[in-house]
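Here the structure comes first, spelled out in structure tokens, and everything after it is commentary.
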Amino acid sequence: MDWLLLPAVIFTAVAVMLFVCIRLILKIKHHQQDAEARIHQQKELAEVTLDCIGEAVITTDIEHNITYMNPIACHLTGWSSDDAMGLPLEQVVIIVSEANRSEINSSVFECLNQKCLIEYSEPMILIGAHDEEYSIETSASPLKNHNGEIIGAVLVFINTTHIRNLSREMEYQAAHDSLTELLNRREFERQLAKAIRSSREHDLQHALCYMDLDQFKIVNDTCGHIAGDRLLRELAKLMPHSIRSSDCLARLGGDEFGVIIFNCSIDDAKDIADSLRTAIKGFTFTWDKKIFDIGVSIGLVPIKKDNGSLQDMMKRADASCYIAKDLGRNRIHIYAENDTDITKRSGEMQWMTRIQDALKNDRFILAVQKVVAIKNDDLPHFEVLIRMQGKNGEIIPPLAFLPAAERYDMMPVIDRWVITTAFKNISHERDHNTKRVYNINLSGQTLRDNSIVKYIREQFDYFDIPPNIICFEITETAIISNLGIAIELVNKIKNMGCMFALDDFGSGLSSFSYLKNIPVDYIKIDGEFIHNIVTDSMDKAIVSAINSIGHEMGLKTVAEYVANKDILNLLREINIDYAQGYVIDKPRLWLPDNVIAMKSSA
């Protein structure tokens, strides 16, 4: 009978195997459905994430055809995602150079060629489908599958239009005089340096005019500064008609103007200078029923090969201008080698003698001015300032002697004196448990002093001062002029434990990009943007932008020249970190035993 059970056993075994197989198939299918659901969910999550971020994102396949665009990319390019899908990237994303408008290939092309991350740092413009233009920064990375094979690229670009517009406005502000809208002295000296360099390298001849108005003080004294400002503005509109469009006209300060006459012999330059003199002499200024005839004295200096440095040229032009005044005003004096009148007029060597005498006889003194935190209870800072004491005990402000010290390369010696004397005073104050930070200025010339780091380290060791209470200040102009050297010096001193502040920020700014490479702790916003901030909406916008970008970079901001409570209250609203100015504290003499109020104005 056993053989009769065999079919039943076989049937049962087959049924069990079939059941197991069907269950296994269903389980595999269930896992596949779960996997597909997870993949779909992850894809949806990725797309939602990309749709929400603030940068434009575009993905392409290996042939540069678009496979995805997030909403920001659609907005900036002017293309909808559906219309752009599958199109070549270069048809949708059109990028040109900001400098010359030449078309630039997207970073995707180089990314796929080199199979690595590519970032473009040069200023670029994205042109949208409806001719809108956006300043952008862009980068591209390869896209890889699970096997590590490159299947396309992801392009990311950031809309920097707002920052670039602010930067351009700040560039204009930094290069132009706010009253006359002519170029300012800083930009004029930059153009003069280019003229001197082209004369030296290409044997070109130019000319430099230094002009000083003859009757300006009378207008100011009799009618006030408002009238004086109006006169300067009207002359600023008049003078360009007497020079060539290629020439460079600037207000150098007060009632002084300068002109660089490019590619011109001294005889032809004299004709142009005389045209300026005649136009100004023929101009009649009227204010409050008073009539003024204005004249101008002009110093004219040829710019030729081997003619010396920028400082030499400015010194000769300034001296020639004063000779023109001494000889009767409303005339032109042309500089010549071995000019005895200019030799008599030059006073820089006298200041050099006085500076050397003050160093020898210990007649330099220090002052301090408090810098306070306006947001929190951070330690106060005290900026260390230098003054000279005259033989009769009078206090001589720095603007009287520092220009001569800079012209004759005396600043490294003076900076060393300041560091040593400040450290000595700090050492004495620390005996009284004073808690504060001291800001000490370093000049552009000191940046180029190879031994200054060693000297600072020696002073720390000698006076036993903790480096973390010292904050060195360097002006933005000095940093930009010596960028490579400045970065190296700042890093070396920071390694000691000191802090750094970038002074007069905004005075020579062309871009925020160099800040990424300089490890400063504080940005001191140029006072030119502060003193009218309550009434000038552009100054307020610039200060707000600097503050926001500074905070984004982890830096603290300091406002200089805070003269009244209205300015201070507005700075507090803007969220500035620190303030410095007469409403907070006036400079006080800083002696080893006490700090006393200064007897003369700072």
Side-chain angles (χ1 to χ4, degrees), residues 24-98 101-161 163-164 513 516:
L24 182 60
I25 291 170
L26 290 174
K27 189 175 182 180
I28 292 172
K29 187 174 182 180
H30 179 71
H31 283 311
Q32 287 177 337
Q33 289 174 342
D34 284 348
E36 289 173 358
R38 285 196 296 272
I39 291 171
H40 181 72
Q41 185 179 17
Q42 290 173 356
K43 181 181 179 182
E44 283 187 334
L45 179 61
E47 290 183 354
V48 169
T49 302
L50 291 174
D51 286 351
C52 293
I53 65 175
E55 289 83 15
V57 179
I58 299 176
T59 61
T60 74
D61 59 22
I62 199 72
E63 300 296 331
H64 309 155
N65 297 316
I66 293 174
T67 57
Y68 170 79
M69 291 177 65
N70 74 347
I72 297 295
C74 293
H75 170 71
L76 295 181
T77 61
W79 286 76
S80 71
S81 180
D82 291 339
D83 290 341
M85 201 63 59
L87 292 179
L89 182 65
E90 63 270 21
Q91 184 176 338
V92 175
V93 179
I94 300 174
I95 301 174
V96 298
S97 168
E98 184 180 288
R101 308 292 292 188
S102 61
E103 193 162 343
I104 301 173
N105 282 333
S106 161
S107 48
V108 165
F109 293 82
E110 193 172 349
C111 163
L112 291 177
N113 286 337
Q114 298 189 19
K115 300 179 181 180
C116 64
L117 169 68
I118 298 295
E119 295 180 307
Y120 282 174
S121 58
E122 66 173 292
M124 293 180 292
I125 301 294
L126 172 69
I127 301 177
H130 305 294
D131 293 330
E132 306 95 339
E133 294 191 0
Y134 303 95
S135 295
I136 62 168
E137 293 179 359
T138 178
S139 64
S141 299
L143 280 175
K144 299 179 180 180
N145 61 19
H146 63 279
N147 293 324
E149 299 170 338
I150 294 177
I151 58 173
V154 56
L155 171 67
V156 178
F157 48 93
I158 304 171
N159 182 6
T160 60
T161 305
I163 293 176
R164 289 292 295 164
S513 60
K516 299 176 183 177

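Separation of atoms CD (Gln91) and CG (Asn65) is listed at 10.0 Å; rounding is to 0.5 Å. Rounded to the nearest 0.5 angstrom, Asn105 CG and Glu90 CD are separated by 8.0 Å. Rounding to the nearest 0.5 Å gives a distance of 8.0 Å between SG of Cys74 and CD1 of Ile58. The CD atom of Glu137 sits 5.5 Å away from atom CD1 of Ile158, with the distance rounded to the nearest 0.5 Å. Taking OG1 of Thr60 as the reference point, atom CD1 of Ile62 lies at 7.5 Å (rounded to 0.5 Å). The CD atom of Glu63 sits 13.0 Å away from atom CG of Leu89, with the distance rounded to the nearest 0.5 Å.
Between His130 and Gly78, the shortest heavy-atom contact is NE2-O, 4.1 Å. Nearest heavy atoms, Thr67 versus Met85: O-SD, 3.0 Å. When all heavy atoms of Leu76 and Ala56 are compared, the pair lying nearest together is CD1-CB, 4.1 Å. Residue Val92 comes nearest to Ala84 through the heavy atom pair CG2-CB, 4.1 Å, listed as atom of the first residue, atom of the second, then distance. Closest non-hydrogen pair, Cys111 versus Ser141, comes out as SG-C, 3.4 Å. In terms of heavy-atom proximity, Gly152 sits nearest to Leu112 at O-CD2, 3.4 Å.
Contact of the Leu155 side chain with the Thr138 side chain is registered, since non-hydrogen atoms from C-beta on lie closer than 4.5 Å. Counting heavy atoms from C-beta on, the side chains of Glu110 and Tyr120 come closer than 4.5 Å. At least one side-chain heavy atom of Trp79 sits under 4.5 Å from a side-chain heavy atom of Leu87. You'll find the side chain of Ile127 reaches within 4.5 Å of the side chain of Arg101, heavy atoms only. Using a 4.5 Å cut-off on side-chain heavy atoms (C-beta onward), Ile94 and Glu103 make contact.
Thr161 places a side-chain N or O within donor-acceptor distance of the main-chain N or O of Ser135, the cut-off being under 3.5 Å. Side-chain N or O atoms of Asp61 include none that pairs as donor or acceptor with a backbone N or O of Gly86 at under 3.5 Å. No side-chain donor-acceptor contact under 3.5 Å links Ser102 to the backbone of Ser97. Side-chain N or O atoms of Thr59 include one that pairs as donor or acceptor with a backbone N or O of Tyr68 at under 3.5 Å.
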Quiz item: Between Val57 and Ile72, is a side chain to side chain contact (heavy atoms under 4.5 Å, CB included) present by the stated rule, with each step listed?
Solution: CA-CA 7 Å; Val57 179; Ile72 297 295; over 6 Å; no
